[in-house]
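Each chain gets a letter, A, B and so on, in the order the sequences are listed, and its residues count up from 1.
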Amino acid sequence: MYSEKVMDHFANPRNVGEIENPDGVGEVGNPVCGDIMRMYLKIEDNRIVDAKFKTFGCGAAIASSSMATELVKGKTLEEAWEISNQAVAEALEGLPPIKMHCSVLAEEAIHKAINDYRVRQGLSPWGEKTPHYHEGGEECELPEEPQGTAGDGALQR
Amino acid sequence: MVLEPRVIYLDHAATTLTRSEVVEAMLPYFHDRFGNPSSIYRIARESRKVVESARESVARALGAEPGEIYFTSGGTESDNWAIKGVAIANRKKGDHIITSSIEHHAVLYPARYLEKQGFSVTFLPVDSTGLVDPGTLEDAITEKTTLISIMTANNEIGTIEPVREIGKIARDHGITFHTDAVQAVGHIPVSVKDDTIDLLSLSAHKFNGPKGVGVLYIRKGTRIDPLLHGGAQERNRRAGTENLAGIIGLSTALEIAMQSLFREMERQKKLRDRLIAGLLSSVPHSRLNGHPEKRLPGNVNISFEYVEGESILLSLDAHGICASTGSACTSGSLEPSHVLLAIGLPHEVAHGSLRLTLGEENTDEEIDTVLGIVPGIIERLRAMSPLYPGKEKECHV
């Protein structure tokens, strides 16, 4: 059911671990629903110079985290903000429909980590999409089928 | 038994391979002896004869009369027939059904369907080992209760229910008792007479028979409507041309399973207990799900905290090990197994469950291999998990 790329990023995940003194951290998901993604960013001159992750979840969640850290590295914050869940899924050569929410988590983790950095810098956070997970985790409905194009993740400042 | 040598198959509760002796026994009934048992010419009469002798053989294995054995398309049909057939046939008498919260979906969903049709259903809770309490069950009985359905053994956690006590309670109250014995028949002794069972479901592919064929045992005198209406097959109770080869396969597989039942039970229990003890001792933050003793000889179900089940399965698959999990990620929903939630596991622990179910081709060497591989897999996944407190903190938890 998974592409070779997903299996590769599951078996050999890139950038696993934590960053000491990170400039931004974003955690999304809920253990009740079976996945938590935490992303650590090192940022210099508005550019992401390092990214690491820790994830509790299925194969797709681990592969999406791994791919997301690969995609953000070297990008400016504006560029990284525009990485959509579809972009993560496409880079993984596709995800099964039921697993698309893992790529949504990856997009949300990037946004959370960038906004964590902005808040730490005394800047106002950029507008995030409404998270699909409820605060208490009681309702863990799957997101709607992916809509629109890869451009949907455009800056919402 | 032909499996790829590098594959270690530990998912026998999902399905088993069809034994080669069984395939041999089935083959003539596809081509040479294909006659419809309902027709009158010679090759048809031969078909009738073998179906009836298969029926006698199955009856012997269950302690039943041949006239009480009805061939179906498998466990799901048998369960649906029992639940809906008894509920509808006795509707004038009452509209209340009692079952448990850990039944297979083939029982739970027909029960929920009947709720929509105006029946009331009690889903009994279970204790932390998965046992139904007969006292609680008796308290749930009302004068409207017409059916009690409690499984003989649970497919996920292997817990063996007190079917004999429940059967007696049902009989004392004049209520029909059905048991889903799909995981039990061919694996532990089951007797419809000793356990006062009125209806029993079984499925051939769980004991090295073919898929797509099963049985509903119906005690003589039980009020039940047909599920499938049509031809006069199965004494007017189950329409549809008999699955001739499948029926031969089912009875042959059951005969072979019964011959080595006790020997194989003892052998699998040893493998099972070694697997359980080995995993619990080598992996911290792990727990056994299900009852430690009242348990199917081939069932191991363990939760590993801080990791998710599908990741475990994918990692095992890379080593050629086939297993199963109660995690949501393999079920197509975000809810983990209803059975693991019913025994009180928190969601996040239920997501980290691993089910290994043994069969007769499993060996001591395979258990050693699995015991050598699983701890490393869990350690690797935990190193990735943001929930894991870390090795150094383990002794304080």
Criterion ring-ring contact (aromatic ring centres under 6.0 Å, His included) on A/Trp126 and A/His111, from CA distance to verdict | CA-CA 8 Å; A/Trp126 290 338; A/His111 288 172; 8.8 Å; no
For A/Met7, is it the side chain, the backbone, both or neither that has a heavy atom under 4.5 Å from a heavy atom of chain B?
-> side chain
B/Thr369-B/Glu366 side chain donor-acceptor pair, cut-off 3.5 Å = no
Engaged part of B/Leu387 at the chain A interface, taking heavy atoms whose separation is under 4.5 Å = side chain
In terms of heavy-atom pairs under 4.5 Å with chain B, which of A/Met37, A/Lys54, A/Glu18 leads?
-> A/Lys54
Can you tell which part of A/Ala61 gets under 4.5 Å to a heavy atom of chain B, answering side chain, backbone, both or neither?
-> neither
Partner set under side-chain hydrogen bond (donor to acceptor under 3.5 Å, both in side chains) for B/Gln117, not counting sequence neighbours | none
Check: B/His285 ring centre within less than 6.0 Å of B/Phe304 ring centre = no
Criterion salt bridge (charged side-chain N to carboxylate O under 4.0 Å, His left out) against A/Asp116, the qualifying member of A/Arg120, A/Lys112, A/Arg118 = A/Arg120
Of the backbone (N, CA, C, O) and the side chain (C-beta and beyond), which part of A/Ile62 lies under 4.5 Å from a heavy atom of chain B, both, or neither?
-> side chain
